[in-house]
Amino acid sequence: MGAFDNGFDGEFDLISDLENTYSEVNTDDGDELLEGLNPEQKEAVMHLDGPLLILAGAGSGKTRVITYRIAYMMKKHHVSPGSILAITFTNKAANEMKERINKLVGDSSRYIWSGTFHSIFARILRRHAECLGFTSAFTIVDTDDQIKLIKQVMTELDIPEKIYKPRNFQYEISKQKNDMVSVEEFERSAGKDSYYVNTAKVYRRYQQRLIENNSMDFDDILIYMVRLLKEDPEILSFYQNKFRYIMVDEYQDTNRAQYTAVQLLSSSHKNICVVGDDDQSIYSFRGADVRMILSFEKDFRGAKVVKLERNYRSTSTILEAANKVIANNRSRKEKKLRTEGGKGDPIIIMNSDTQMVEAMFTADTILKLVKSGKCGYSDIAVLYRMNALSRSIESALRERGIPFKVYGGMRFYDRKEIKDVFAYLRIIADGKDNLAFERIINVPKRGIGDATVDAVREIAMNEGTDCLSVCQNAFDYPELQRAASRLNSFYALIDMMREELRKNEKTFPEYIDFVENRSGIVDDIIAQRESKGELIDRVENLKELLTEAIEFEKARRAVSFDKEELHRTEADNDIVGIEIKNDPYLEEETRNIDTLEGLLNAYLETAALYASGDEDDGSDDNVKLMTIHSAKGLEFSSVFLVGAEEGIFPSYKCLTTESDLEEERRLMYVAITRAKKNLFITLTRNRMIFGQTQCNAPSRFLKEMPPELLYLMGSKREVKPPAVNPVSPRRSDSAKAISSAISGAFKKPKPPEGLAPSELSVGMRVVHGRFGEGTIIKAEQVAGDCLVTIDFDGMKKNMLAKSAGLKKA
DNA sequence: TTAGTTCCCTATTAG
DNA sequence: AGGGAACTAA
């Protein structure tokens with residue numbers, strides 16, 4: 001208090017009081033972030049430099065720790081957001097994290113690099129694609145494309161599909177890539193075993209074909225990233241300097257290649273923080289290796305370890321059940337989660353006769369929960385082991401008018417019609433994309449069959465050109481004469497679409513609509529539907545793609561708008577003391593998105609890695625349906641776990657080896673610990689699956705839960721798994737008859753009634769089922785429907801009129 | 001050679 | 001139940 005020692009006397013109390021208040025309000029140096037954290041969480045948040053391992057049990061406030069740690073780094077230590085790399089397991093998790101950080105530190109959180117391994121690495125690879133012999137527009141092939149390529153390769157190599165299954169090769173190749181075994185290494189280790197010899201042949205040829213097509217599979221993204229870092233010291237040191245602080249969430253699900261990349265990136269500064277829980281390792285099927293997290297302390301000398309073992313999420317009942325189940329696993333680090341939460345309700349087990357009853361129970365109970373005011377729809381999740389189980393639940397929910405959203409499942413981008421449109425877009429963007437060519441050369445049917453395609457491919461290979469160019473010059477090749485004019489007009493079609501793209505007159509969704517129509521896909525689908533009476537509405541999916549395109553264009557434009565506003569953001573940031581101006585690595589994507597062409601390229605680049613519907617704007621009050629795998633990291637007030645039967649969960653595929661079974665048990669652990677207050681587990685004696693009714697015993701995991709925590713409903717029969725080996729599924733004809741009779745009554749998806757698309761116009765007041773009343777501010781007739789933008793009290797939403805079921809206000 | 005039909009076979013989890 | 005291969009008709 002030396003400043004006061006020059007003649008003043010008196011109001012010291014007042015001054016020091018002011019001083020305190022003032023500093024609390026204005027210093028804002030990050031310490032306020034520590035309030036409300038427990039000692040271990042605090043320890044983790046405050047750790048800045050050097051390796052850090054956070055062993056975070058389920059519900060222990062992991063996400064909170066991660067977000068607070070990042071915010072603390074920025075506020076307290078003035079770490080530039082541009083030098084933070086945060087790797088999450090899903091894109092959804094990345095978005096959520098960003099949002100939460102944004103609340104803590106403001107807009108500058110946008111500069112944090114966050115996303116999945118795949119999306120972040122793909123982004124980096126696009127910049128340096130040339131170093132690896134690719135162009136920056138390389139395509140990412142999905143599992144479907146992989147299988148197609150492998151089949152082609154197999155015919156080339158005369159490997160009979162009767163004996164070897166393409167799927168097996170795909171699996172094997174993926175496995176090798178995850179372990180970073182190159183073609184050469186694999187060939188050397190293959191020995192004389194004909195299976196491995198053939199796998200090696202396929203591997204080599206497959207890889208070659210990918211390169212020829214300027215494409216990578218999902219595993220390649222990781223492999224090439226590692227190669228890039230290893231082979232180019234300049235690039236390595238650039239990213240080492242850029243990403244001075246690295247965080248990896250769900251570290252227990254990391255594979256060898258991912259581990260190596262992280263290792264390389266952090267090797268110069270060792271500022272690496274990983275978060276995980278060995279009990280929640282559920283991705284070994286795609287190369288995840290729990291040993292990565294178990295050996296972290298060895299890999300990174302002097303690593304600090306923080307254990308978060310206090311559960312803030314669940315009732316003690318739920319937690320106790322989870323603990324008891326997981327305790328049956330032999331290979332794990334001994335630990336136990338504690339909670340101060342109350343006992344809560346017992347876990348309700350519902351054993352029913354058919355899956356219809358199971359679904360009705362689920363739907364009715366959801367209705368009861370919501371009506372009683374216990375929770376809203378969005379606090380409820382229905383989880384299952386297999387996507388196939390969602391069907392019956394969906395119909396029951398639909399019947400009762402319960403709003404819901406299905407996550408994952410048949411991924412949006414995996415649907416045939418969507419992939420077809422994408423193939424058109426891909427070949428428009430890049431004529432060398434032979435995979436896209438082969439996909440749509442005869443979609444819709446235009447009289448070009450396998451034989452012609454084979455001939456075209458042959459010519460293209462011999463001439464060292466691409467298939468589309470062969471079409472352009474089809475008349476030059478005598479062997480193509482029969483189909484020459486058809487091939488040529490296909491080229492003309494694509495050329496016309498390119499011309500339209502270059503004109504740059506349409507908006508992005510308009511252009512997609514143009515491609516959907518001109519390609520003939522829309523008409524083809526309508527014709528098919530009329531002739532075969534298809535169940536799913538594929539046209540609806542195509543329209544959904546248009547909605548996506550609107551969102552995409554909007555988001556992109558928003559980014560470029562933000563850039564103009566940058567100076568203001570910087571000023572804002574100075575207030576909280578985050579210096580971003582001087583960070584040479586601070587950057588945002590600078591792709592040209594002012595033209596239609598630029599937008600298309602940007603769209604194609606991101607689409608493959610984003611499962612549509614991944615992002616959830618949170619405003620929708622609906623029940624969430626998803627697999628247990630995709631529920632990882634999420635929590636819900638009430639959870640319904642359906643299909644708790646032997647053969648389903650644990651999956652029949654995982655019954656043979658102990659390690660597979662332990663992974664299933666970890667899955668069960670994850671499922672249970674998603675619930676905060678109420679957990680319902682349902683099972684049914686007769687389940688119709690894969691077109692057959694099977695009769696399964698209750699899941700063995702149920703027996704591992706303490707009976708006093710359970711409340712059994714439905715069947716009088718005890719919940720008791722088989723004594724020894726699981727009984728193989730039996731067919732039951734009477735049950736089959738009954739369930740199919742009921743399922744007939746169940747199948748009636750009712751499209752919402754509402755205003756016809758043509759009746760809508762700008763300025764009109766309409767009512768939406770969930771958002772209430774709003775004004776149409778934009779209306780665009782598209783593909784027999786109307787794309788409308790509606791302003792609901794300031795909240796703007798894009799939707800398609802037909803599926804939205806709008807009514808006149 | 002292509003398109004339409006039938007028949008057969010095979011089924012997790014995901015970026 | 002659904003997709004793909006094999007078969008058949010044009």
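Everything numeric in this text was worked out from a predicted model, so none of it was measured. Naming convention: chains lettered A, B, ... in sequence-line order (proteins, then strands); numbering from 1 in each chain.
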Self-check item: Nucleotide nearest A:Thr627 (side chain, heavy atoms from C-beta), chosen from B:dT10, B:dA14, C:dA5
Solution: B:dA14
Quiz item: Which nucleotide, B:dT12, B:dT1, C:dA5, lies nearest any side-chain atom of A:Lys151?
Solution: C:dA5
Quiz item: Can you check whether A:Phe285 and A:Tyr283 have ring centres sitting under 6.0 Å from each other?
Solution: yes
Quiz item: Counting side-chain heavy atoms from CB outward, which of C:dG4, B:dT10, B:dA14 is closest to A:Lys165?
Solution: B:dT10
Quiz item: Within less than 4.0 Å of OP1 or OP2 of B:dA14, is there a side-chain N or O belonging to A:Thr90?
Solution: no
Practice problem: Kindly give the heavy-atom pair with the smallest separation between A:Lys177 and A:Ile223, and that separation in Å. | Solution: O-CD1, 2.9 Å
Quick one: which protein N/O atoms are closer than 3.5 Å to N/O atoms of nucleotides 4-6 of chain B? Pair and distance per line, please.
none

Quiz item: Under the criteria of a ring-centre distance below 5.5 Å and an interplanar angle below 30°, is A:Phe285 stacked with the base of B:dT13?
Solution: yes
Exercise. Looking only at side-chain atoms of A:Asn442, point me to the closest of B:dA3, B:dT13, B:dA11.
Key: B:dA3
Exercise. Nearest whole angstrom, please: distance from the C1' of B:dA11 to the CE of A:Met386.
Key: 9 Å
Quiz item: Can the ring centroids of A:Tyr491 and A:Phe437 be said to lie less than 6.0 angstrom from one another?
Solution: no
Quiz prompt | Atom-pair distance (CZ on A:Phe218; P on B:dT13), nearest Å | solution = 15 Å
Exercise. Let me know the distance between CD1 of A:Ile147 and C1' of C:dG3, rounded to the nearest Å.
Key: 13 Å
Exercise. By nearest nucleotide on DNA chain B, pick out whichever of A:Glu664 and A:Ala483 is the more 5' one.
Key: A:Ala483
Quiz item: Any side-chain heavy atom of A:Pro650 sitting closer than 4.5 Å to one from A:Leu661?
Solution: yes
Quiz item: With sugar-phosphate meaning primed atoms plus P, OP1 and OP2, does A:Phe117 contact a base, only sugar-phosphate, or nothing at under 4.0 Å between heavy atoms?
Solution: nothing
Quiz item: Between B:dT12, B:dA14, B:dT2, which one does the side chain of A:Ala451 approach most closely?
Solution: B:dT2
Exercise. Hey, which sits more toward the 5' end of DNA chain B by its nearest nucleotide, A:Tyr283 or A:Ile448?
Key: A:Ile448
Quiz prompt | Length of the line joining A:Asn387:CG and C:dA1:C1', which is rounded to integer Å | solution = 15 Å
Quiz item: Among A:Val639, A:Leu641, A:Ile282, A:Ile672, whose side-chain contact (heavy atoms from CB on, under 4.5 Å) with A:Ile628 holds?
Solution: A:Leu641
Exercise. Quickly work out the A:Gln258 CD to B:dA14 P distance and round it to whole Å.
Key: 16 Å
Quiz item: Using a cut-off of 4.0 Å on non-hydrogen atoms, how would the nucleic acid contact of A:Thr143 be classed: base, sugar-phosphate, or nothing?
Solution: base
Exercise. Provide, to the nearest angstrom, the distance between the CD1 atom belonging to A:Ile648 and the P atom belonging to B:dA11.
Key: 16 Å
Quiz item: Could you give the CG-to-C1' distance, from A:Leu667 to B:dA14, as a whole number of Å?
Solution: 12 Å
Self-check item: Complementary nucleotide of B:dT2, counting Watson-Crick and G-U pairs under 3.5 Å
Solution: C:dA9
Quiz item: Do A:Phe134 and A:Tyr224 have ring centres separated by under 6.0 Å?
Solution: yes
Exercise. Establish, from distance only, whether the side-chain atoms of A:Gln258 and A:Thr254 form a donor-acceptor pair under 3.5 Å.
Key: no
Exercise. Under 4.0 Å between any heavy atoms, over every strand shown, what does A:Asp450 touch: base, sugar-phosphate, or nothing? Just pick one.
Key: sugar-phosphate
Practice problem: With sequence neighbours excluded, tell me which residues meet ring pair (Phe, Tyr, Trp, His ring centres under 6.0 Å) with A:Phe121. | Solution: A:Phe117
Exercise. Write down the distance between CD1 (A:Ile282) and P (B:dA14), rounded to a whole number of angstrom.
Key: 9 Å
